[in-house]
Amino acid sequence: MAIPHASSLVESSVPPPDGDALFDVGLRLVERHDGGREAREFELLGLRWDLVPQVFAPVHTDSTELFTEWLPFPVGGSLLEVGCGAGVTAVMAALAGCARVTALDINPEAVRNTELNAVRHGVADRVRVLRSDLYDALAPGERFDVVFWNSNVICAPEEFVYTRPMQYAIFDRSYATHYRYLRDGLTRLTSSGRLFLGFNSLGDAERLHSLAAESGVRITERERTTRRAGDVPVTFQLLEVAP
Ligand SMILES: C[S@@+](CC[C@H](N)C(=O)[O-])C[C@H]1O[C@@H](n2cnc3c(N)ncnc32)[C@H](O)[C@@H]1O
């Protein structure tokens with residue numbers, strides 16, 4: 001289904017809160033993920049996973065599980081996961097038969113966490129993990145059959161200063177990373193490659209749509225469902241980005 005207007009990106013039973021309210025939701029999410037964490041392991045998709053402090057914990061919302069189930073893994077091909085966190089999607093892709101998986105994150109603890117889980121599940125030979133700000137650490141000509149990011153959807157104001165690694169999992173200041181993801185993502189694809197974004201109703205769909213227009217790309221919704229994330233209902237969407 002093509003999405004012609006930003007409003008349809010958020011069309012759901014979940015009304016989008018205003019910017020300040022969303023920012024507060026984001027602050028609470030950072031606390032929930034970061035504060036007083038004792039678990040060093042979690043279970044998801046039938047497997048147990050290592051969890052390193054200061055890394056997005058896929059147990060507080062359904063996003064990781066949903067996107068990992070929805071994403072069409074390129075069996076025998078290559079996948080780039082931007083913002084890999086604990087590495088669940090990257091490792092599941094390798095277990096599902098992706099020949100080459102590159103997982104990257106701006107948070108060095110997420111890099112370590114993904115490496116641990118790749119070893120734990122016996123796929124370290126085909127999961128390369130990089131610390132990278134979006135595509136920066138990739139070689140200029142590197143291309144992938146599928147590129148995916150479960151993004152930090154809450155738009156932080158221009159003056160926001162990142163002081164904790166976990167904030168990168170929740171906030172994107174001025175949607176600068178979303179803009180670069182949309183603008184440059186297609187150049188990272190093989191000739192038949194596909195670019196996906198895992199988004200949700202806590203994000204700024206209007207801004208996403210306008211950045212897509214500015215970047216000359218079209219956004220199509222592939223999957224959607226509404227679940228609770230802590231105390232708020234959230235609509236999760238797998239979006240595909242195309243020329
Ligand atoms: C919502 S979390 C998703 C984590 C993991 N993919 C999952 O589904 O459990 C978003 C991730 O993107 C990472 N991230 C944010 N900005 C980034 C950037 N500019 N470059 C690379 N990774 C980034 C965060 O550190 C975080 O791990």
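One-based numbering, in listed order, for ligands and for the atoms of each. Throughout, residue positions are numbered sequentially from 1 according to the sequence presented. Not measured: the values here are computed from a predicted model.
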Give the numbers and elements of all ligand 1 atoms closer than 4.0 Å to a heavy atom of [X].
X	answer
C84	5 (C), 6 (N)
L134	18 (C), 19 (N), 20 (N), 21 (C)
T177	19 (N)
W149	12 (O)
D133	18 (C), 19 (N), 20 (N)

Hey, is the main chain of [Y] close enough, under 3.5 Å, to the side chain of [X] for a donor-acceptor pair?
X	Y	value
D145	S78	yes
R173	F160	yes
W49	L47	yes

Checking the N or O distance criterion of under 3.5 Å, is ligand 1 in contact with [X]?
X	value
D105	yes
P58	no
T89	no
T64	yes

Point to revise | All side-chain hydrogen bond (donor to acceptor under 3.5 Å, both in side chains) counterparts of T163, not counting sequence neighbours | key: Q167
Salt-bridge test for [X] and [Y]: reply yes if a basic N is under 4.0 Å from a carboxylate O, no otherwise.
X	Y	answer
R120	E41	yes
R180	D133	yes
R40	D50	no
R128	E142	yes
E214	R207	no

Heavy-atom pairs closer than 4.0 Å: do any link ligand 1 to the side chain of [X], the backbone, both, or neither?
X	value
Y168	both
S132	backbone
S63	neither
A86	neither
A110	neither

With the threshold set at under 4.0 angstrom, would you say [X] reaches ligand 1 through any of its heavy atoms?
X	answer
S151	yes
E81	yes
N152	yes

Check your understanding: Looking only at heavy atoms, which two atoms of T114 and C84 are closest? And how far apart?
Key -> OG1-SG, 3.3 Å
Point to revise | Distance-minimising heavy-atom pair for L51 and F42 | key: CB-CD2, 3.8 Å
Review point. Is it the case that more than 12 heavy atoms not belonging to D125 sit under 6.0 Å from its CG atom?
Key: yes
Check your understanding: Which one of A137, A169, G83, A57 has a non-hydrogen atom at the shortest distance from atom 5 (C) of ligand 1?
Key -> G83
Review point. Among protein heavy atoms, which lies nearest atom 8 (O) of ligand 1, and at what distance?
Key: N150 ND2, 2.8 Å
Review point. For atom 23 (C) of ligand 1, which protein heavy atom lies nearest, and how many Å away is it?
Key: I106 CG2, 3.6 Å
